[in-house]
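The model shown is predicted, which means the values in this text are computed figures rather than measured ones.
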Amino acid sequence: MVIKGKAEVGCAAVTGSRNPWRELAVLPRVMAISPGRDATFSSQKSALSESPRTKKFPLTEEEIFYMNCRAAYLTVFKSSLENIISKEQLYLALQHAGRNPSQKTINKYWTPQTAKLNFDDFCIILRKEKPTSKAELLKSFKQLDVNDDGSILHTDLYKLLTKRGEKMTREEVNAVISLADVNADGKFDYIKFCKLYVTTIEQCLKTTVEKLEVDSKLRHQQFGSHTEGSPERDPSPVPKPSPRIIRKTDQETFSNKGDTSSSLLATTRKFKTSVSFTITMGANSNRNSKLTEPNSIKEWQCVQSKGCFFLEEDGEIISHQYRMQIAQRSMVYLTIKPLNLSQVEGKPSPWLSVDTALYILKENESQANLQLMCFTELRNREVFGWTGELGPGIYWLIPSTTGCRLRKEIKPITEEAQLVYRDGTGELFLTKEFRSTLSDIFEVIDLDGNGLLSLEEYNFFELRTSGEKCDEDAWAVCRDNFDTKKNELTRQGFMDLNLMEANDREGDPRDLWVTLHSMGYNKALELTEACPFIINIYADKCKPRIKAVHMEACSGQLEKAICKSVLNKGDARVMDGYENIIVHTYKRDTWITSVIENKSDNKVIIHINNELSKNCINNRGLNIFAVEVAPKSTMVCQHVMPLNERQEWIYYCVYSLIS
């Protein structure tokens, strides 16, 4: 069965294969650049922990992550606007961030086609490459400890270091063996080494953060940096300036109007030109363009399909995508909304507040030649929809979410849910809570909603959770051993399949957790990193046909569709003195999208500052960042939504040209 082997796939994806020789090779170099080890690590005062900002508002995990990213980057570069231009620079920056990449890892991100990487690329790499833990190191070394005494003979160590994995030079081996703290009597004490390695890396990282905090000048030149105070935490009133171009004469006028404005304009002084947008949105502002059903919809023919947005480790969002066939010209009513699942009392349902949209593109001569027809811009509560006429043909339906509310979870889970248990006879069972979760998963992957799983539907699930597909032969075995109807797997059959998996592992739940994490569940069995949705399509002249064809990143055709819709309907502002650089902003009832258009023959870097926005959240999770726009291209800059829809929200953003 395809189900087997998920633990191996999942563990490789989550932790990676650790090679302890990398840590051996790097420690002498890290110790050389780190502060003195004789100083007591815990007694050092952290500028980060003592700053007024963190005393008043503790930093979130996301803020700490970006603080560490910036600290590491600015240890190697003078500004985070500088690019990484060599493998050596990438390696050094990763090292300062507490990582120890192998040559294979470096080659993964620095290919023969790579000319440079920017700060945003660096942050993405750090999200994917987790730091080595002490437990992982100990486990790796223990496999080589033949005497089980916590040490390895120097003679054995020399052979291992020079013949296995990424082979070390004689000089590197001598540097390791000469470390007095971890070597004695011809033996290498790997337990002491692991402790020393982790402590040294942590100290090196902490020192870089302290250095960043002490130097306040660095906080205003970040490329993709967090603001010092997020909008939801800043109690100060937000001014409501009118939309305008900021010029040099304005900068002097604004520079004395309070700390927030002066910090913003202090950064603006170095820019070539800037343009700002201000949009004030009322509470529950969707009243003006409410979605309504056509009067005769009960007589129309209807089809539906389910799907799901999944949040990847690097923050990318993927989802099902669909082909729709309309046989004859018809009035069509399309809707998309989050899917209601069984909600356990006391458990949160964060996916129900995630925004959803559907872009409809017509296939002309080929799949590569798609024409944007419309998108679901009207809203009625959680439902987004569109009504209009479509001619006969093949259409692609591409679901979209801004990413403002589907984000990586940062709250700690204090207690892990139990998935299986044994009764008095030793027989294994699934817990009630886990069965309820599996029932919800079944509901999500049953795309056509007929209460059964076809091989096609099941393979979307398999590809998501294990990266493999179930072929016809394996499906026949499944049909012979589990409850099926009309060659499709029942809900009970799906439950029994997971119980078989638990039995195959003698009750070890690791495979089951791989499945759950892949489907967006946390250790408390809460659905936090996925948003299931349902699409309904009505037509008055024919019955539409819809089929999920693949599951991939919400980019490519979707990015083009969003850009085109914003350019067609948005407010355009030209950069003063740079007529080829245009910022387009489109206000919908629920969110605001900005697109940057670069008509010039050169790439441009645009600095974006949202510090003065009120009650807002954006898909990047950053109030200050920068983007690079290729020549003759357009790109989605950001999506912005209200943090609290019941309150007024003010979008105030300054777009500034750096180069």
Side-chain angles (χ1 to χ4, degrees), residues 286 289-309 319-340 355-401 443-452 454 456-457 460 488 531-551 554 557-558 560-562 564-565 568-569 588-590:
N286 62 310
S289 58
K290 188 174 181 179
L291 175 69
T292 56
E293 291 184 348
N295 293 329
S296 57
I297 194 169
K298 291 182 180 179
E299 300 170 8
W300 294 16
Q301 299 186 69
C302 176
V303 293
Q304 69 173 209
S305 183
K306 288 179 278 189
C308 195
F309 297 110
S319 79
H320 296 81
Q321 296 188 4
Y322 308 82
R323 289 185 76 189
M324 175 181 71
Q325 183 175 357
I326 300 290
Q328 65 182 97
R329 182 171 295 277
S330 304
M331 286 297 295
V332 176
Y333 175 63
L334 301 101
T335 64
I336 182 172
K337 67 175 182 178
L339 178 67
N340 269 309
D355 57 279
T356 59
L358 198 60
Y359 286 80
I360 297 91
L361 295 86
K362 186 172 185 181
E363 184 176 301
N364 291 321
E365 297 171 358
S366 67
Q367 181 182 332
N369 185 15
L370 300 180
Q371 175 189 358
L372 175 65
M373 302 299 295
C374 54
F375 60 96
T376 54
E377 57 183 323
L378 300 182
R379 179 190 182 194
N380 184 4
R381 294 190 176 182
E382 76 279 7
V383 182
F384 289 83
W386 174 85
T387 306
E389 189 176 61
L390 292 178
I394 302 296
Y395 296 84
W396 283 77
L397 306 184
I398 306 181
S400 170
T401 182
E443 199 68 35
V444 172
I445 63 180
D446 175 21
L447 301 181
D448 60 10
N450 72 343
L452 301 168
S454 66
E456 196 170 42
E457 290 170 329
F460 275 116
E488 296 189 330
C531 172
F533 56 79
I534 184 166
I535 297 169
N536 284 285
I537 307 168
Y538 298 82
D540 68 341
K541 294 288 195 302
C542 63
K543 185 170 184 176
R545 294 172 61 187
I546 183 173
K547 180 180 181 181
V549 289
H550 49 241
M551 188 160 53
C554 298
Q557 288 289 357
L558 178 61
K560 293 178 184 177
I562 294 174
K564 187 169 183 179
S565 66
N568 288 342
K569 298 194 172 190
R588 299 177 64 169
D589 294 323
T590 314

Distance-only polar pair, side chains of Gln304 and Asp448, donor-acceptor under 3.5 Å: no
Within 6.0 Å of CD in Glu389, more than 12 heavy atoms from elsewhere: yes
Atom pair CD (Glu382) and OG1 (Thr356), whose distance is rounded to the nearest 0.5 Å: 8.5 Å
Euclidean distance, Met324 CE relative to Leu397 CG, rounded to 0.5 Å: 5.0 Å
Gap separating the NZ atom of Lys543 from the OG atom of Ser330, nearest 0.5 angstrom: 13.5 Å
Over 12 foreign heavy atoms within 6.0 Å of NZ, Lys306: yes
Working for side-chain contact (heavy atoms from CB on, under 4.5 Å), residues Leu334 and Ile360: CA-CA 10 Å; Leu334 301 101; Ile360 297 91; 4.1 Å; yes
Expected output: side-chain Arg379 to main-chain Arg381 donor-acceptor under 3.5 Å: yes
Gap between atom CG of Asp540 and atom CD of Gln328 - 0.5 Å precision: 8.5 Å
Asp446 side, atom CG; Leu452 side, atom CG - distance, nearest 0.5 Å: 7.0 Å
Donor on one side chain, acceptor on other, Trp396 and Glu363, under 3.5 Å: yes
Test item: Thr335 side-chain N/O and Phe384 main-chain N/O as donor-acceptor pair under 3.5 Å: no
4.5 Å side-chain heavy-atom contact, Phe375 and Arg588: yes
Atom pair OG1/NZ of Thr292 and Lys290 - distance to nearest 0.5 Å: 9.0 Å
Criterion side-chain contact (heavy atoms from CB on, under 4.5 Å) on Ile398 and Leu358, from CA distance to verdict: CA-CA 6 Å; Ile398 306 181; Leu358 198 60; over 6 Å; no
Trace of the side-chain contact (heavy atoms from CB on, under 4.5 Å) decision for Tyr333 with Leu291: CA-CA 10 Å; Tyr333 175 63; Leu291 175 69; 3.7 Å; yes
Derivation and outcome, side-chain contact (heavy atoms from CB on, under 4.5 Å), residues Arg323 and Ile394: CA-CA 7 Å; Arg323 289 185 76 189; Ile394 302 296; 3.3 Å; yes
Within 6.0 angstrom of Asn568 CG, more than 12 heavy atoms from elsewhere: yes
Aromatic plane relationship, Phe533 with His320 - under 30° parallel, 30 to 60° tilted, over 60° perpendicular: perpendicular
Step-by-step side-chain hydrogen bond (donor to acceptor under 3.5 Å, both in side chains) determination, Glu293 to Asn380: CA-CA 10 Å; Glu293 291 184 348; Asn380 184 4; over 6 Å; no
Side-chain donor or acceptor of Ser454 paired with backbone N/O of Glu457 under 3.5 Å: yes
